[in-house]
Participant: 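Please read through the structure below; I'll follow up with questions.
From a predicted model like this one, the values you see are computed outputs, not experimental measurements.
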Amino acid sequence: MNIFKHTDNFILESGYIFPSIEIAYTTYGKLNADKSNVVWICHALTANSDAADWWNGVVGSNHVIDPEKYFIVCANILGSCYGSTGPLSVDAKTQQPYYNNFPLVTIRDMVQAHILLREHLGIEKIFLVMGGSMGGYQAMEWCVMEKNVIENVLLLATSASESAWGIATHTAQRLSIEADNTFNTASPTAGAKGLKAARAIGMLTYRNYGIMVQQQTDTDAEKIDNYKASSYINYQGEKLVQRFNAYTYWQLTKSMDSHNIARGRGGNLATVLNDITQRTLIIGISSDILCPLVEQRFLANHIADATMIEIDSDYGHDGFMVESKLISQHLAEWLGEDVVLGFGAAI
């Protein structure tokens, strides 16, 4: 992981001014002579810049996004807690961590930070930008903001604006964090129980009824407590608490709520999508209840050069991570890759 330090003012959409920002990023492979082999991966809510780790099966040696062929970049989003400026960073004005005083960072702000890093790395063209869920929000925004820089885009399990369903889910998650009486104290572990509950709410939207019943149903009909499904949800919540923090989660759900590519551009999503000129591959998951197929079909209907793939999977929204083999196959075909793909274990 590398750190890019931008020492000039960075102005957010809200008008808030950071005197400087830091962006953590990871690269794989080498930039070729004509700088035409750049693949930029935009990550989702709780991921980091090590895309080869969390997207094993798509990114890495002998996978479709192979560092032997591409120069791959993944930057930790502004507002996160994996090296980029975020709520646990020190506020230059107070010399204390921001915590709950961290300003709202929009998806567009995150892309502006990506652009600064792109310029710092001397990248003039991006062959492919790709992202799922919140990563797709960034990729889409970037296509609008830098039409002449990005050539191709892969959008997975994503939408042109955050839905009322998504905003309601995020609000419930923030309420659970706020209900933890340790939240808003000056500590990186503040709100840990609330974060665990927020993750539990999220898991119900990342998966669905079918996969939960299929994988988490108890076979012991005599049980009256300590159910498998309950254990699973507790485990997932605790696992996130060990690697994330409530301030960052609270803020980044606000960032997702801000997503609307038509904001400041006339207000009509279809019109803005019509202006996306990049060759676009759109992939949706059949059982996704958080960002369902209707959202991806809307994108496909309004982006001029779009190809739409619907993957039949039981894994819901998490399918954009779990179904790495199918995603890789479709992406390779769309890119015209004539390679034998190797696939790692799904995550």
Participant: When you measure from the side chain of S230 to the backbone N and O of N226, does any donor-acceptor pair fall under 3.5 Å?
Facilitator: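 No, because the side chain of S230 does not come within donor-acceptor range (under 3.5 Å) of the backbone of N226.
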Participant: Under 6.0 Å between ring centres, would you say that holds for Y232 and Y227?
Facilitator: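 Ring centres of Y227 and Y232 not closer than 6.0 Å.
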Participant: Could you tell me the separation between the CD1 atom of I17 and the CG atom of D8, rounded to the nearest 0.5 Å?
Facilitator: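 Going from the CD1 atom of I17 to the CG atom of D8 covers 12.0 Å.
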Participant: Could you state the interatomic distance from CD (E295) to CD1 (I282), rounded to the nearest 0.5 Å?
Facilitator: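 So the CD of E295 and the CD1 of I282 are separated by 11.5 Å.
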Participant: To the closest 0.5 Å, what do you measure between CD1 (I309) and CG (L281)?
Facilitator: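 Output value for this atom pair is 6.0 Å.
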Participant: Could you check whether atom CD of Q214 has more than 12 heavy atoms from other residues, nucleotides or ligands sitting under 6.0 Å from it?
Facilitator: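 Counting other residues, nucleotides and ligands, CD of Q214 exceeds 12 neighbours.
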Participant: Before accepting this row, confirm whether a basic side-chain N of the pair R279/E151 lies closer than 4.0 Å to the acidic partner's carboxylate O.
Facilitator: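 No, no charged N to carboxylate O under 4.0 Å.
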Participant: Do L117 and W40 have side-chain heavy atoms sitting under 4.5 Å apart?
Facilitator: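 Sidechains of W40 and L117: in contact.
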Participant: Return the CZ to CD1 distance between R207 and I233, rounded to the nearest 0.5 Å.
Facilitator: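 Spacing of CZ (R207) from CD1 (I233) equals 9.5 Å.
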Participant: Side-chain heavy atoms under 4.5 angstrom apart, residues restricted to Ile, Leu, Val, Met, Phe, Trp, Tyr: same cluster for M134 and Y206?
Facilitator: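 Linked, M134 and Y206 end up in one cluster.
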Participant: Measure up the Y16 and Y98 rings against each other and bin them: parallel (under 30°), tilted (30 to 60°), perpendicular (over 60°).
Facilitator: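 It falls in the perpendicular class, over 60°.
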Participant: Working to the nearest 0.5 angstrom, can you tell me the gap between K5 NZ and S20 OG?
Facilitator: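 Going from NZ on K5 over to OG on S20, the span is 9.0 Å.
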Participant: State yes or no: do V64 and L154 share one hydrophobic cluster built from I, L, V, M, F, W and Y residues joined by side-chain heavy-atom distances below 4.5 Å, directly or via other members?
Facilitator: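 V64 clusters together with L154.
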Participant: Out of N184, D180, T185, which residue meets the side chain to side chain donor-acceptor pair (under 3.5 Å) rule with T182?
Facilitator: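 Only match with T182 under side chain to side chain donor-acceptor pair (under 3.5 Å): D180.
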Participant: Just do the side-chain hydrogen bond (donor to acceptor under 3.5 Å, both in side chains) check on N37 and K30 with the steps written out, would you?
Facilitator: CA-CA 9 Å; N37 68 332; K30 295 181 179 179; over 6 Å; no
Participant: Taking it one step at a time, do E333 and Q329 satisfy side-chain hydrogen bond (donor to acceptor under 3.5 Å, both in side chains)?
Facilitator: CA-CA 6 Å; E333 291 171 5; Q329 288 174 337; over 6 Å; no
Participant: Any non-hydrogen side-chain atom of M110 less than 4.5 Å from a side-chain atom of E141?
Facilitator: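 Contact flag for M110/E141 side chains = no.
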Participant: State yes or no: are the ring centers of F18 and F102 separated by less than 6.0 Å?
Facilitator: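 Centroid distance F18-F102: below 6.0 Å, so yes.
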Participant: Identify the two heavy atoms, one from I177 and one from Y249, that lie closest to each other, and give their separation to 0.1 Å.
Facilitator: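 Looking at all heavy atoms of both residues, the closest pair is CD1-CD2, 4.0 Å.
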Participant: Measuring only between side-chain heavy atoms, which start at C-beta, is H317 closer than 4.5 Å to I285?
Facilitator: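 No; the side chains remain at least 4.5 Å from each other.
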Participant: Less than 4.5 Å apart, side chain to side chain, heavy atoms only: is that true for L78 and I23?
Facilitator: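 Result yes, sub-4.5 Å side-chain heavy-atom pair found.
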